Protein chains: 2
Amino acid sequence: MNTGDDHMSTRDRIFEAAVDLFSTRGYHGTSIREIAREVGIKESSIYNHFPGKDGILEAILEYYQEGFRTATSSLEEMEEFMKGFSEPVELWLAVGVEFIKKLPPYTEPISRILINEMFLDERCRRFVLHTMFTAQKEAAENSLRYLRDRGLIRDCDIRQTAVQYVYMLQGLDIENRLMRMEGHSPEELQQHLMDTIRFFIEGLRKNNTERGIK
Amino acid sequence: MNTGDDHMSTRDRIFEAAVDLFSTRGYHGTSIREIAREVGIKESSIYNHFPGKDGILEAILEYYQEGFRTATSSLEEMEEFMKGFSEPVELWLAVGVEFIKKLPPYTEPISRILINEMFLDERCRRFVLHTMFTAQKEAAENSLRYLRDRGLIRDCDIRQTAVQYVYMLQGLDIENRLMRMEGHSPEELQQHLMDTIRFFIEGLRKNNTERGIK
DNA sequence: GTCTATAATCTGATAGAC
DNA sequence: GTCTATCAGATTATAGAC
């Protein structure tokens with residue numbers, strides 16, 4: 001989990017250790033002592049960098065929010081990027097990969113913290129609703145509209161289709177995280193992710209035989 | 001949350017209080033003392049009914065497993081029930097409602113405990129994978145096959161469609177739970193649930209011109 | 001900024017009277 | 001089966017030396 005302990009400030013090392021522990025043991029299942037031990041300092045030293053345990057979580061959430069906001073706003077210049085594709089499936093997958101690349105480090109374990117705490121902490125609940133549902137629906141709507149307006153997919157209810165896609169993606173993401181913990185290989189799960197997204201977008205093609213118009 | 005405290009055994013009241021607290025505050029966020037206080041006894045009395053805190057969780061998980069197993073096995077006689085429907089959407093919704101009716105009390109808050117702890121506790125992770133993904137996929141496959149074999153939906157990849165449906169349902173369920181906590185009315189959320197499922201099944205019709213109705 | 005020392009409280013769990 | 005009393009350890013956090 002260490003990405004270079006020695007070159008980081010104590011504050012950043014505390015931050016990193018907290019992200020690691022909160023995501024794997026839960027917020028309430030992690031003590032200040034454990035964080036301090038992982039960093040290699042005494043627990044009292046942590047209070048020189050953060051106001052307390054909740055203050056660390058607060059900093060993590062702010063970091064996540066800022067990272068997501070930046071990645072989302074850079075998404076607005078994505079239209080230029082999209083023009084390089086004539087295949088809807090390839091475009092869709094490429095846009096997804098591009099967005100993920102814009103996200104800062106620790107986004108993955110932090111999103112796991114959010115899921116862990118979404119029913120327990122109001123801030124986490126709000127973040128999950130916004131970053132995993134509301135914002136994703138909007139992004140999916142925009143991409144679908146782009147594809148439809150260029151005749152790359154058939155006419156369909158953009159709103160409802162985006163909703164279905166986002167729910168599907170979230171269910172898929174959670175199962176993939178659980179399967180990874182069960183020992184399934186990242187390659188296998190990545191393939192399953194791609195296949196499932198591919199199947200969804202293929203179903204929107206204009207002349208697909210399987211879901212086409214009779 | 002009380003469904004009749006006075007007529008229940010102490011053990012059952014402890015069980016009920018633990019389900020309530022574990023689901024709303026998390027397992028690690030709940031103490032034996034809080035459970036005892038909610039029941040109205042001293043914490044030491046709890047050890048006359050359960051071996052300890054983890055023993056209570058263990059009992060909750062066993063109760064959930066048994067309830068799910070019973071409901072699932074009763075699902076095998078569902079085919080007779082299905083024959084009363086000629087509309088795929090109505091059949092689908094009715095089967096879902098019928099299955100939920102077979103589930104015992106506390107299933108809803110217990111499933112919330114499972115989601116809370118799925119990344120932290122191996123037993124919860126396994127239960128989520130089985131009851132919310134694996135078993136649901138199988139059930140969806142069976143229903144889809146029934147519909148296809150009777151010509152009520154068009155030919156499609158049963159396996160992939162079931163997978164998409166289950167992921168969609170889980171994403172939808174989580175968002176609905178979060179929205180409920182945000183103050184959205186159960187009626188509104190129930191309507192959204194129905195609409196979203198309806199849209200999915202409508203998209204499988206033989207002669208759908210679009211991907212759904214409005 | 002780090003440490004030692006310590007406060008004040010909470011934790012799960014046990015022993016034994018009734 | 002419930003209670004009181006108690007334990008040993010963990011918890012977050014602070015005070016003050018260096």
Side-chain angles (χ1 to χ4, degrees), chain A residues 2-63 113 116-117 120-124, chain B residues 2 4-63 110 113 116-117 120-124:
Chain A
N2 290 344
T3 59
D5 272 354
D6 297 341
H7 317 84
M8 294 166 67
S9 70
T10 305
R11 194 194 137 96
D12 287 348
R13 289 194 291 147
I14 295 167
F15 183 93
E16 185 180 56
V19 168
D20 183 27
L21 287 166
F22 288 167
S23 68
T24 54
R25 297 162 169 271
Y27 176 77
H28 287 289
T30 302
S31 67
I32 291 277
R33 252 192 191 87
E34 285 173 299
I35 297 171
R37 195 190 316 133
E38 182 121 324
V39 175
I41 57 175
K42 294 296 171 187
E43 52 267 39
S44 56
S45 299
I46 287 184
Y47 294 90
N48 286 318
H49 303 277
F50 295 96
K53 190 182 172 183
D54 185 74
I56 304 178
L57 178 59
E58 188 75 31
I60 292 172
L61 296 180
E62 277 170 27
Y63 170 89
I113 297 174
N116 276 338
E117 310 295 330
L120 312 174
D121 182 285
E122 190 182 349
R123 298 163 296 178
C124 294
Chain B
N2 289 345
D5 272 355
D6 296 342
H7 317 85
M8 294 165 67
S9 70
T10 304
R11 195 194 135 98
D12 287 348
R13 288 196 290 147
I14 295 168
F15 182 93
E16 186 180 55
V19 167
D20 183 26
L21 287 166
F22 288 168
S23 68
T24 55
R25 297 163 167 271
Y27 176 77
H28 286 290
T30 302
S31 67
I32 290 277
R33 256 189 186 88
E34 285 175 298
I35 297 172
R37 196 190 313 132
E38 181 122 325
V39 175
I41 57 175
K42 295 297 171 186
E43 53 266 40
S44 57
S45 299
I46 287 185
Y47 294 91
N48 286 318
H49 303 277
F50 295 95
K53 190 184 174 185
D54 185 75
I56 303 178
L57 179 58
E58 188 75 33
I60 292 172
L61 296 180
E62 276 169 26
Y63 170 89
I110 295 175
I113 298 174
N116 276 338
E117 310 295 331
L120 311 175
D121 182 286
E122 190 181 348
R123 298 162 297 178
C124 294

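Quick note on labels: first sequence line is chain A, next is B, and so on, each numbered from 1. These numbers were taken from a predicted model, which means no experiment stands behind them.
Residue pairs that meet the ring-ring contact (aromatic ring centres under 6.0 Å, His included) test with at least one member in residues 32-58 of chain B, sequence neighbours left out, do not exist here.
Residues passing the side-chain hydrogen bond (donor to acceptor under 3.5 Å, both in side chains) test with A/Glu122, sequence neighbours excluded: A/Arg126. Considering only residues two or more places apart in sequence or on other chains, B/Ala18 meets the side chain to side chain contact (heavy atoms under 4.5 Å, CB included) condition with B/Phe22, B/Ile35, B/Ile56, B/Ile60. For B/Arg37, there are no side-chain hydrogen bond (donor to acceptor under 3.5 Å, both in side chains) partners at least two apart in sequence or on another chain. Residues meeting the side chain to side chain contact (heavy atoms under 4.5 Å, CB included) test with A/Leu61, sequence neighbours left out: A/Leu57, A/Leu114, A/Arg123, A/Cys124, A/Phe127. In terms of the side-chain hydrogen bond (donor to acceptor under 3.5 Å, both in side chains) criterion, residue partners of A/Arg33 (sequence neighbours excluded) are, by chain and number, A/Glu43.
Rounded to whole angstrom, the span from the CZ atom of A/Arg11 across to the P atom of C/dG1 amounts to 10 Å. Between the CG atom of A/Leu21 and the P atom of D/dT11 there is a distance of 12 Å, rounded to whole Å.
A/Tyr63 places no side-chain N or O within 3.5 Å of a backbone atom of A/Phe15 that could act as its donor or acceptor partner. In terms of modelled atom types and a separation under 3.5 Å, the side chain of B/Thr30 and the main chain of B/Arg25 share no donor-acceptor contact.
Using a 4.0 Å cutoff on non-hydrogen atoms, no part of residues 55-62 of chain A comes near DNA chain D.
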B/S/- contact track for nucleotides 3-18 of chain C, protein heavy atom under 4.0 Å
BB------BSBBB---
